[in-house]
Amino acid sequence: MEDEEMFLSITAPTFHSSVDFTVHDWLKKYNATSLRPVDFREYWALNVPNIYSPRADVNCLNMTFDEELAKQVLFTPLERFVCGCNDTYGVFEELKKIDNPPVLCGHVFKSEEPTYSCRDCGLDPTCVLCMECFKNSSHKNHRYKMSMNGGGGYCDCGDEEAWKAYAYCEMHLQGKQMMSAQSSPIEQIPLDLIQRVRLIMEVVLSYCHEMLSWEHPISPPPDLCPPGFRTTNESQDIYATMLFNDEIHTYDQVIHTLSRAIECSEKEATDCASTIDREGRRIVKCGTFDKCDEVRKIIERTTSRSGRKPLRVVVMHSSVIAHQIFSMRLLLWLKQMLSYSKAFHVIFSQVMMESPTTDFPLLESIILSDTQLWKAARNQWHQLFISGTLMDQQSKKTFARIFTHNYPLLMKDFIADDHEHSVSITSLSVQIFTVPTLARYLIMEEDAIYVLLRTFLTECERNRKDGKLCFERGQNIEMFRRSQYVLFDLRFLLTVKPKDWNSSLRKNFLHGIQQLLNFLSWMQGMDSVIRQVGQHIEFEAEWETGINLQLKLVPLITLVLDWCGSDRVVLVKALRAALKLLETIQEKMTAIGQEVADHSASCIECDISSMPVTIHLPLSRFVAGLVLHLSKYDLMYNSPEFLIGNKPGPEELMEPPLRTQVMIAQFRAGMWRRNGYSLVNQVSFYHNVRLREEMLDRDIMLLQIAASLIESNEFVIHLLNKYGLLIWVGDTFDTSRRSEDEYTRQTAAIAEEFLSLLITIISERYYPGIGNVTERDKVKKEIIQLLCIESMPHSQLCKMLPRDSNHETGIEDVMTEVAGLKKPTDTSTGKYELKPEFYSCFNPFFYHYTREEQSKAEEVQLKRKKQAGEEECCPPPLPPEFTPPFSIIINILQCDVIVHITNLVLKRASNLHSTAYSEGQLEKILHLIGLALHEEQRQQESKEENGFFRYTEIAEKKGILANLESCQGFPRVEAHKYLLNWTLRKFHALQRQKKEGKAMVTDVEPLPESTASTNSKRDKKQSAQQAAARRARIMAQMSAMQKSFIRQHAELLKEVDSEESSNQIEYETFVVEEGSDDPVALGNLQRGRMIYRQIYTCILCREEQEATLTGRTLVIGAFVQRSTVLSKVRNHIFENPKEFNPLLISADLSCGPHTSTCGHVMHSVCWKKFFEAVVAKERRRPVRYGRHVSYNVDKQEFLCPLCGCLSNTVIPLMPPNTTFLTNTVTETKSIKMDNWLFGLQKAVEKLQVQRLRAPLSEDESGEKFLYRYKPTSLQEVMSYFSADVSEQLHSLFSVYLQQHTLCNSFPDSLLDMIKVFCQATYTVGLNVHPHSDDERVPLMAWWSCAYTIHSIDQLLQDQKKSLFGDLSSRQAQCIQSLVRVVGASLRIFDAQVVRSHCVNLLQFLLLPEHHSCSPNCCLEVDAFTLLVFGCLSMPALFTASNNHGSNSGLAFPLGGDNELCMLHLILVFHLVQILLSIDFPTLEETETSESQHKETPEEVEICCFYFEVLNETGLENSRKSVNVQKLLRNIHQAMLPFLRCSALFFHFLTDVGAPETLQEMHGEEYQFQALCRYLGLSCHLNEVVQSSLLRQLAHCWARRARDCCLFTKEKSQMTEGGDSSPRKWVLIKYPTVINQLVCLPADYSDLINNISMFTCPNSNGDDSRSPTLCLVCGQMLCSHSYCCQMELEGVVVGACTFHAHICGAGVGMFLRIRNCEILLLGGKTKGCYMAPPYVDEYGETDQGLMRGNPLHLCKDRYRELHRLWLSHGIPEQVSHTLEQFPFLATTNWLLM
Ligand SMILES: [Zn+2]
Ligand SMILES: [Zn+2]
Ligand SMILES: [Zn+2]
Ligand SMILES: [Zn+2]
Ligand SMILES: [Zn+2]
Ligand SMILES: [Zn+2]
Ligand SMILES: [Zn+2]
């Protein structure tokens, strides 16, 4: 009834729209039960093409559809019909309330989305959480792992089967609590709604399935044809060319093809290719059939060249495309619908899987068409399956059944397809097979193990030859590779071992295992090799496939054995089946009798060195794995259960692994050298940690099994026979051979290998089932042995331990038991160090050691013992006891054959003529004796009366003891004398104890003191000699390396003696003026100059050279770079370098030319030769190898020939400027500030202007003019003053003129080098072409000097270092050479140009009318740069001469009154800047004690000045509340950077020594005083602002700044982002804060979570594949991806490169978040990676996020990165890394 009313309510209004009509019509028919699918389809046939057809008139590369209209016409009617009313929103909201929140999360992962697994609680590593659930779960405090989703899969939160504990996060726990009270979801919803939903789903799903897999591209299904549709191609209908992706063609090929076929730009083609890659297909052309077909042909033609399969491209009718697009939208809509109600899931599953009419459900037909679909369509279905069926237990089960049933077909399709596994329906297996209950159900009901293995074996048939798997080089194994996914699926099925078995589980499991055994038998003996004699092998045999297969099999076999071992019936049947199979494939063997020491055995005859041998024996090894479980059920290999046919005897069982052992022994003895790398690799993998559990370990186990079943003497004879050592054990072997004989040498080596195998068989018992140990003991042993090699970081240790990829092993526990983690220091990683008590467990012959590891471990242990004063030998440790079935093995130790061999070796050791002897044999024999003694002692201690083991008795009787004793002191035994001593002591102690019949308490008493000390003394001498020899060797090696390095860079170089220190600088005091204890750098009182003679050694010719004007010119390599490191405003790079005027440098220090140097000195001549050689070499390099990437000679770049530091210019080294001048500043007269100012004002008030035609650079044309200014002459200026003042003024400037006459002798080579450097600052700094006459060259050089000083000052500040004391020699040399060069710049620059710059500066500073119309106000100009420019240009102000950059010489600023006045002027200028930007210090902040403070005259004056300045800008003016004391303090503090920079500048300009007060770090106030004193300034600011003229100027500056101040004030009130001004303007505050890198969250997962919201700005909200954070400005970028490439200077570049250009002038430091690594970019084509600043709890970084341990920010590492950036070290770091790792050059850094 209620439904009836609902219906009525919408029928009431009249039918305004067709939509309403349609819904009404459907509902009416529905009520009359006459509604059929065709009703919907008719409607769609009419409407869909109108909306979703591609049109010919639009650019198809930018196609959009009217989604709003689609919603209204297509989707709303469906929703209204479902709801039965117009208020669909209300209905859905109601539905949502019923089960919210859900119990299961089920969030479907996108590719690369972060996922979390818990090592403590997850059932297996595939159980994952989404970020939201993880954040709200307890696991975040457990040992979690982060990883990036490989695509597909969903969140397992709420699935109790996936977690051992904490299955719910907080959100989903709520859902669980709510659910418990409810009944089935479907019962809570009105029946009619359910029926309508079912109907819609039926219609929609079958429509979608039909359309998406529609196979007639040019005609839609008949009932969906649009009106007027004709099938002829000639019609005017619209068609489209659809291009599909494949995994064969590369991105670049597709881009190339497209730009050809549809004539679009490269950028458009790139966009297009990236959509095709993402979606799987894309329309590339719309139009008539013919046009579209034309494009198709072109594409097919171009892509089928070079014999490839062409790209798939189809011409489709627009209406087919329209229906497909609509289908895709419908699936999305369905997914949305499913999210409304759990009941919908049930209905969905029913529609999909329960077909009432046929037994072929819709689902089946959809999954079977999977490979016919394109990527996006597949994904759409898969996601729908996940959210529709897998969230409901019952549906999931049905789904699993259908899936498994169709598995062979699905897998077959997948294997034949070329798409990745993650976009195949088969990838859903992980969702089903890993659920334990489902897995069990599928094994029992669907015989899943059999089905899967059968599928795999069918595929393998293709690669079988003579019953074995066989792969050949060059063969396409892609299909086989794809088929191996079955092995993963099998692992999923077997993850959880059943607790209780039943008959059908047993039956089906064994049914499946039989298939596995068959497969193993196909592998048994594959890839066998025959020893190559004579010639070296011609073709390397294929080996990779076999090894890869093993790698995938190992975890599977481990699981299968585990299952088999858990049930007696299964175990017996499996072993019987395996033995039967083994028997059938075993070859026939013939036996012959052999005899040794009166024992005989009938041995299997074969010669390993001439027959095929293999390392692939999986079937034998599988048997070994099963046998190990037997004792659990009181079974034995010989039990009646296994009495079958011709069961292999123990000799046959051990034959195959024994052959492998012998082959490896021969391989090690060098007998298989000619067999090539294929064998080398196989042998190496045989021992590899990832394979050895199922290879080496099992082989040893098989030998142990055989040893326990065969009589000991016989067993050893079998071994001797196989090793070919029967002759060696004969007494006559020695005398018949000569020691140089190859055969003798090999036999001795093989004998060692034989003894090693014996040791292994007897002492390796750390395997549950073999020895009395647990899994944990096994891991413990491995860790102890590894840590005996060296202490290791956590990750390395993990890598070297076998890992169980199926289960969590918890090795950390064991690690902490046996080792301590030595905490990481600053930037080094933490390492595990073995606890001392475990050193005694060290076994030098541990079978998992490689040879290198073995010798290293032994060396390390001996060294350690020596240091600890212990006996220097490594006796065998006591192994654990064998389990009963194996305990008989120890009998080998005392059997006659071994006794014979022992005596043989001992006798040979004491016989100098024996050729069969080797030290290794003796060591191993002693080891075996030691093992025997251990066993006897153990037997004694266990108080076993009639133990069978009587080694000491036998040994004494048969002469072993006597032989041992006679060995003592023998020269051949020297190396092992300690071990011999130990053995004898132990022997005697045991004998003694046996007689006395009491238990031995201590092991062995230490040796007598005396021998130890004499020995150690001799050893000390010996080792000292050895050390010296080693050092010499290393030195030789290093010098060889150095030589090759230099050869590589410049052939002209002669030998360099590496011993000599590279760059000796001798400092010798030359002049020390008085007053050096209280130096003053500026003004008339200047005192304390300290000048040193500097003598350098040229690194190229090794000649010594003093830096003088007369000697040969010296240079140091330097690197100029554009820098934004100090910038206060990011992205502020001048757009037009041609127009940029670097006279007034912006206060935000936005983009300056920074100079650095490595300080290595060369003659300018030597350098030139060197550089020419480098250039010539680069030119010779064939283009196809690419240019050298670590430096670019086109940009003048080269690497310092000594240290390899990146450089692009040189700075000449000059003697101190003041040394070659006779006059000093004290000769000038002092002048009052007012007079100085007035004089200069007069000088620049009236000007002569000269208009000149500007010299043009190469790439310019036309005419350009420039203006030069000339001030009023000095004479005229002097006329304004009284006589004494004009005298003063004259003396100030005449200093410069006098110099000019006195010093006239700069050598040309020096001038050249100065020009080279200045030109570099110009070209690099402005990023322009070289142009030696540009008037801005001097300014750029000066700016570089000022900028570099700024930067070094900030670096010192950041590190809290003192100004002069902590300056590194590299920094000092850099500033010194820079300052001296710019100080002398008047020597090379046109005086008129410099004079003109000077005039401009003075006008800006001194003339109010000029200042007020300047484009810059005082707040916008950097004061220190202004000071540098002022001081450097001042000497040119009144020059009369018209010289043109010649050598006639202009003067240097000397630090006289002129400079002092300039400093004074700029200081006040800076003071105004400070006052205008300072935060108003109010009274409220003061403490009461301070408020009672009496104001000093200085404070009063400054306060007054403050308000004068503020007044001028019209800002705040309330005198009362200002805290004067604080104001003054803040001003002092704010001035410090300026004063520090000035002090550095003048120190190097004047050579006045630095006062001690500035060589240490002091408080700010103290620093201020010291700096003022050093600079010749008053430290009382009231005296500084005394001059009335200066004050007037200050007012004028402040007035001009008014606009800026008001602007900033307004701006602070505006919201951010509302800034529309063309240039970003920021008020610079003083002291400037040193730029830091962005703040990073402490927890790495926070960072990952934060960026998970970041989407690519160019891909319709798609996730970015490689989100990358700029650490400088914090911007997130979509890096290294086609979607976000940009064009920069005519080249397509990646997002990071583009950003680095804007943000860092080409230099960038980024964090690639998903890879967890730092990306450095230095210039467009250069880059490198670095370790991230995140470390795990073991102090290790995880570059590439391979391990996924929780990571936290390491502050020290981050500080290190900051320092690298702040010190401008990135370009150098990049080129160093590129030089070090040449393979990095293959990365296209441009596209980052
Ligand atoms: Zn979740
Ligand atoms: Zn959850
Ligand atoms: Zn957990
Ligand atoms: Zn030289
Ligand atoms: Zn260098
Ligand atoms: Zn992007
Ligand atoms: Zn940035």
Side-chain angles (χ1 to χ4, degrees), residues 114 145-146 791-799 821-832 1125 1354-1361 1368 1634-1651 1666-1676 1679 1696 1700 1703-1704 1707-1722 1727-1778 1780-1781 1784 1792:
K145 277 204 183 276
M146 301 174 276
S791 299
M792 292 181 192
H794 179 260
S795 63
Q796 193 189 346
L797 199 50
C798 286
K799 219 183 286 168
L821 182 62
K822 222 163 81 192
K823 274 293 162 199
T825 56
D826 284 8
T827 50
S828 77
T829 53
K831 283 184 177 171
Y832 275 105
V1125 169
Q1354 291 206 5
L1355 201 61
L1356 291 172
Q1357 283 185 54
D1358 186 58
Q1359 299 174 35
K1360 308 260 178 298
K1361 284 184 174 176
S1368 75
I1634 292 157
N1635 285 341
Q1636 300 295 323
L1637 297 178
V1638 294
C1639 266
L1640 290 176
D1643 189 335
Y1644 191 71
S1645 65
D1646 285 346
L1647 191 62
I1648 288 196
N1649 298 346
N1650 290 345
I1651 57 115
S1666 180
T1668 300
L1669 178 70
C1670 172
L1671 290 179
V1672 177
C1673 70
Q1675 189 172 336
M1676 191 65 79
S1679 122
C1696 280
C1703 171
V1707 173
M1709 182 183 274
F1710 302 90
L1711 179 61
R1712 282 160 63 91
I1713 292 176
R1714 289 194 175 140
N1715 300 48
C1716 193
E1717 66 187 348
I1718 295 288
L1719 166 68
L1720 296 183
L1721 290 179
C1728 69
Y1729 298 116
M1730 273 181 84
Y1734 281 93
V1735 295
D1736 61 16
E1737 60 173 310
Y1738 313 104
E1740 291 184 70
T1741 59
D1742 189 4
Q1743 208 169 337
L1745 215 59
M1746 308 302 276
R1747 297 193 299 277
N1749 287 335
L1751 296 168
H1752 55 268
L1753 185 66
C1754 169
K1755 296 232 168 72
D1756 291 324
R1757 280 175 185 273
Y1758 201 39
R1759 213 170 295 134
E1760 229 21 73
L1761 285 173
H1762 176 244
R1763 195 155 302 165
L1764 176 69
W1765 174 71
L1766 195 65
S1767 63
H1768 291 84
I1770 292 178
E1772 192 194 320
Q1773 174 78 36
V1774 168
S1775 84
H1776 236 95
T1777 316
L1778 284 174
Q1780 224 176 334
F1781 305 105
L1784 285 173
M1792 272 298 156

Is [X] reaching over with its side chain to a backbone N or O of [Y], donor-acceptor style, under 3.5 angstrom?
X       : Y       : result
Arg1763 : Leu1355 : no
Gln1773 : Leu1764 : no
Gln1357 : Ile1634 : no
Ser795  : Pro793  : no
Asp1358 : Gln1354 : no

Within the structure provided, determine whether [X] and [Y] are in side-chain contact (heavy-atom separation under 4.5 Å).
X       : Y       : result
Met1709 : Ile1770 : yes
Leu1669 : Ile1713 : yes
Arg1757 : Met1730 : no
Leu1711 : Thr1668 : no
Leu1671 : Leu1640 : yes
Arg1714 : Leu1745 : no
Leu1637 : Val1672 : yes
Tyr1734 : Asp1742 : no

Roughly how far, to the nearest 0.5 Å, is [atom2] of [Y] from [atom1] of [X]?
X       : Y       : atom1 : atom2 : answer
Ile1718 : Gln1743 : CD1   : CD    : 9.0 Å
Glu1717 : Arg1712 : CD    : CZ    : 5.0 Å
Leu1761 : Leu1720 : CG    : CG    : 7.5 Å
Lys1755 : His1762 : NZ    : NE2   : 15.0 Å
Leu1356 : Ser1368 : CG    : OG    : 8.0 Å
Tyr1729 : Leu1719 : OH    : CG    : 6.0 Å

Ignoring hydrogens, what is the shortest heavy-atom contact between [X] and [Y]? Give both atom names and the distance.
X       : Y       : answer
Cys1728 : Thr1777 : SG-OG1, 3.7 Å
Cys1754 : Val1735 : CB-CG2, 3.9 Å
Phe1710 : Cys1670 : CD2-CA, 3.5 Å
Cys1716 : Leu1751 : SG-CD1, 3.9 Å
Cys1673 : Cys1703 : SG-SG, 3.9 Å
Thr1741 : Pro1732 : CG2-O, 3.3 Å

Using the six-membered ring wherever Trp is involved, compare the ring planes of Tyr1738 and His794 and label them parallel, tilted or perpendicular (cut-offs 30° and 60°).
parallel
Let's go through Asn1749 and Glu1737 carefully: what are the C-alpha distance in whole Å and the side-chain angles of both, what is the deciding distance for side-chain contact (heavy atoms from CB on, under 4.5 Å) to 0.1 Å, and is it a yes or a no?
CA-CA 8 Å; Asn1749 287 335; Glu1737 60 173 310; over 6 Å; no
